[in-house]
Amino acid sequence: MNKRYVIGNWKLHGSLSKVATFSQQLRMAPATDVVVAIAPPYPYLGACADLPSGCGLAGQDCSAHNSGAHTGEVSASMLSEWGCQWVIVGHSERRTDLAESDQLIVAKLSAAISAGLTPLLCVGESLTVRESGQEEAAVRAQLQAALSDIPPASLLIAYEPIWAIGTGVTASPEQADAMHAVIRNELTGLMDDGASVPLLYGGSVNPDNAGALFDCPHVDGALVGGASLDGTSFSEIVEAAQASLRQ
Ligand code: PGA
């Protein structure tokens, strides 16, 4: 795929002053085949509208509902009104901390698509599952549960092994590439356009390891947590993505 995606997931981090500092640090090349976006906490979406042009916005999650009596929820159409083009769905922290079910994830994918957003569906196995050798089956099962009934017309996938998230332990390029090949194979069976769905890797991506990951044939980009909080390190990851396209 002759395009790369670098999406920063700020999780529950940031402040108005940090948005301003990030904006000053972020270096965006004028014309590029690297799609760049940040998913800030909802209250900072407005402030992030002032980020350098070329850096888009994503939601970290969305409600399965469009409106109604659902205190604390934010709908996909609200995210769209704030300029979001993408929304993360099924992040492992939500699957674990908030017990998000496969059924809820399907409903959120559907809500995102109805609002015109492109979902970034996260899948990935726990350390226990990897150690038992069941990682491919687990990831295939997550894809089937999310995409069997109504696969979205437009979609990104992030493979985020749970043991690599926020731990400083990145999957090796070989591990990431092997799982991305499995995901590609599964997607082509589940969706008409499965061969062209961008596949991002996430889990302790940083400026030092991004280049080797982007060089993997089946890796089309990165979902970046901790290293996206600093505009300089995030810019270095974007530059590694640009360099991988020039080769
Ligand atoms: P990390 O987070 O880069 O801090 O490991 C990635 C993610 O959870 O999206």
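Remember, it's 1-based here, ligands and their atoms both numbered in the order they're listed. Residue numbers run from 1 in the order of the sequence given.
- Of the N and O atoms on the side chains of S244 and D215, not one donor lies less than 3.5 Å from an acceptor on the other residue.
- Remark: minimum distance from atom 9 (O) of ligand 1 to any protein heavy atom is reached at E160 OE2, 2.7 Å.
- Remark: D33 does not engage R4 in a salt bridge, criterion side-chain N to carboxylate O under 4.0 Å.
- Between the side chains of H91 and E100, not a single donor N or O lies within less than 3.5 Å of an accepting N or O.
- The distance from ligand 1 to the heavy atoms of N9 drops below 4.0 Å at these ligand atoms: 9 (O).
- Under a 4.0 angstrom heavy-atom cut-off, G166 registers as being in contact with ligand 1.
- Polar contact check, G226 against ligand 1: a nitrogen or oxygen pair lies under 3.5 Å apart.
- Remark: ligand 1 and K11 share an N or O pair separated by less than 3.5 Å (distance only, no angle test).
- Ring-plane geometry between Y201 and H180 is classed as tilted, the angle between the planes lying from 30 to 60 degrees on a 0 to 90 degree scale.
- Here is the list of ligand 1 atoms found below 4.0 Å of a heavy atom in G225: 1 (P), 2 (O), 3 (O), 4 (O), 6 (C).
- The backbone and the side chain of I165 each have at least one atom closer than 4.0 Å to an atom of ligand 1 (non-hydrogen atoms only).
- Ligand 1 places these atoms under 4.0 Å from at least one heavy atom of L223: 9 (O).
- No donor-acceptor contact under 3.5 angstrom links the side chains of Q134 and E125, judged on distance only.
- Close approach of ligand 1 to G203 is summarised as follows: ligand atoms under 4.0 Å from at least one heavy atom of the residue are 5 (O).
- Judged by distance alone, the side chain of D193 and the main-chain N or O of S196 form no donor-acceptor pair under 3.5 Å.
- Contact check on K3 versus D220 returns no salt bridge, with no Lys/Arg side-chain nitrogen under 4.0 Å from an Asp/Glu carboxylate oxygen.
- Set against the non-hydrogen atoms of S204, the atoms of ligand 1 under 4.0 Å away are 1 (P), 3 (O), 5 (O).
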Notebook entry, point to check: Under the side chain to side chain donor-acceptor pair (under 3.5 Å) criterion, do S63 and S75 qualify, and how do the steps go?
Noted result: CA-CA 5 Å; S63 175; S75 72; over 6 Å; no

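- Contacts with ligand 1 closer than 4.0 Å are made by backbone heavy atoms (N, CA, C, O) of A164 only, the side chain lying farther away.
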